[in-house]
Amino acid sequence: MLVAVIDEDPWAVRSVNGVLRDVGFRTLGFSSPLAALEILVPRRFDVVITEHRMKELSGAQLSSLARERMGDERPGFVLLTRSLVSVEGNERALFDACLAKPFQVMDLVAAIEESVSARPRKSARPRPATGARWLHGTPKGKTAS
């Protein structure tokens, strides 16, 4: 599963990317929401994780623009925010899952899975497995230490 992580704070992007890679996801990070938007359409990400408050584009604006450009082919969207109270109802509707910071890895994986299951399906092709298997034991191909 390919996940885009978008936050204007490069440290936050590196942190979330690292956690997601550790649990088995493929990730690309972006510190510019505008640059990310240009890559989202042709690259066909499965999920986009974005910060709520950014200067170039808010997470809600990013989600709205991606939905306009991609329609049913859009990725799932997960919003990260310091306070869920600050996310208005019309903004919240642009996301498949919302998560308050700080969060646990299992909560982030659950939000990713929720966003994937909420997406419109265009075909019956099987979805790639998520990294959730890492949370329940030794990952495939790895040995326990």
Side-chain angles (χ1 to χ4, degrees), residues 1-82 84 86-142:
M1 182 175 302
L2 183 59
V3 179
V5 178
I6 304 167
D7 192 319
E8 288 178 330
D9 178 356
W11 181 87
V13 172
R14 282 191 305 274
S15 296
V16 174
N17 272 349
V19 165
L20 291 177
R21 286 181 184 144
D22 285 349
V23 295
F25 291 98
R26 294 180 306 133
T27 66
L28 283 177
F30 301 90
S31 56
S32 164
L34 288 172
L37 185 62
E38 296 307 313
I39 306 246
L40 289 179
V41 176
R43 192 67 188 257
R44 298 290 184 215
F45 286 85
D46 295 296
V47 176
V48 173
I49 299 171
T50 184
E51 166 64 33
H52 181 52
R53 304 253 182 234
M54 297 184 287
K55 294 175 186 169
E56 281 185 343
L57 288 176
S58 71
Q61 291 169 322
L62 177 69
S63 177
S64 180
L65 288 169
R67 285 169 183 265
E68 285 175 18
R69 291 181 185 185
M70 300 174 79
D72 286 349
E73 298 294 315
R74 71 167 178 86
F77 275 87
V78 175
L79 179 68
L80 301 180
T81 182
R82 295 198 193 290
L84 290 174
S86 70
V87 183
E88 296 179 17
N90 60 339
E91 290 177 326
R92 191 177 289 240
L94 294 169
F95 298 93
D96 304 303
C98 297
L99 198 57
K101 296 178 187 178
F103 49 83
Q104 299 293 315
V105 174
M106 291 186 333
D107 295 330
L108 182 56
V109 170
I112 291 169
E113 290 174 345
E114 181 181 337
S115 73
V116 168
S117 66
R119 283 178 44 203
R121 302 270 174 139
K122 69 172 177 153
S123 69
R125 74 182 168 118
R127 301 289 312 159
T130 65
R133 69 183 182 275
W134 285 61
L135 299 175
H136 304 291
T138 305
K140 185 177 180 181
K142 301 283 184 178

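We use all heavy atoms of the structure for the numbers below, so side chains are in, but hydrogens, waters and symmetry mates are not. Note that the coordinates shown come from a computational prediction; the quantities given were computed from them, not determined experimentally. Positions are given from 1, in the same order as the sequence printed here.
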- prompt: Are a donor atom and an acceptor atom from the side chains of Thr81 and Glu51 found within less than 3.5 Å of each other?
  reply: no
So, do [X] and [Y] sit near enough that their side-chain heavy atoms are less than 4.5 Å apart?
X	Y	answer
Val23	Phe25	yes
Leu20	Ile112	yes
Val3	Val48	no

Could you pull out the closest heavy-atom pair between [X] and [Y], with the gap in Å?
X	Y	value
Leu80	Lys101	CB-CE, 3.9 Å
Pro10	Ser31	CG-CB, 4.4 Å
Phe95	Val78	CD2-C, 4.1 Å

Any donor-acceptor pair under 3.5 Å linking the side chain of [X] with the backbone of [Y]?
X	Y	answer
Glu8	Lys55	yes
Glu56	Leu34	yes
Asn17	Thr27	no

task: Have a look at Phe30 and tell me which of Asp7, Val5, Ile39 forms a side chain to side chain contact (heavy atoms under 4.5 Å, CB included) with it.
output: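 The option that passes is Ile39.
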task: Would you check, one step at a time, whether the test salt bridge (charged side-chain N to carboxylate O under 4.0 Å, His left out) holds for Arg26 with Asp46?
output: CA-CA 10 Å; Arg26 294 180 306 133; Asp46 295 296; 5.1 Å; no
- request: Sequence neighbours left out, what passes side-chain hydrogen bond (donor to acceptor under 3.5 Å, both in side chains) with Ser64? Give chain and number order.
  value: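 Scan of Ser64 (side-chain hydrogen bond (donor to acceptor under 3.5 Å, both in side chains), adjacent residues dropped) gives none.
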Inter- and intrachain pairs under salt bridge (charged side-chain N to carboxylate O under 4.0 Å, His left out), touching residues 9-19, at least two apart: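 Applying salt bridge (charged side-chain N to carboxylate O under 4.0 Å, His left out) to every pair that reaches into residues 9-19, excluding sequence neighbours, yields nothing.
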task: Under the side-chain contact (heavy atoms from CB on, under 4.5 Å) rule, what do Val13 and Ile6 come out as? Steps first, then yes or no, please.
output: CA-CA 7 Å; Val13 172; Ile6 304 167; over 6 Å; no
Kindly compute the distance separating [atom1] ([X]) from [atom2] ([Y]), expressed to the nearest 0.5 Å.
X	Y	atom1	atom2	result
Leu79	Cys98	CG	SG	4.5 Å
Leu37	Gln61	CG	CD	11.0 Å
Leu57	Ser63	CG	OG	11.0 Å
Arg67	Phe77	CZ	CZ	7.0 Å
Leu65	Met70	CG	CE	12.0 Å
Leu62	Thr50	CG	OG1	5.0 Å

query: Could you go step by step and tell me if Glu38 and Arg69 meet the salt bridge (charged side-chain N to carboxylate O under 4.0 Å, His left out) rule?
result: CA-CA 10 Å; Glu38 296 307 313; Arg69 291 181 185 185; 3.2 Å; yes
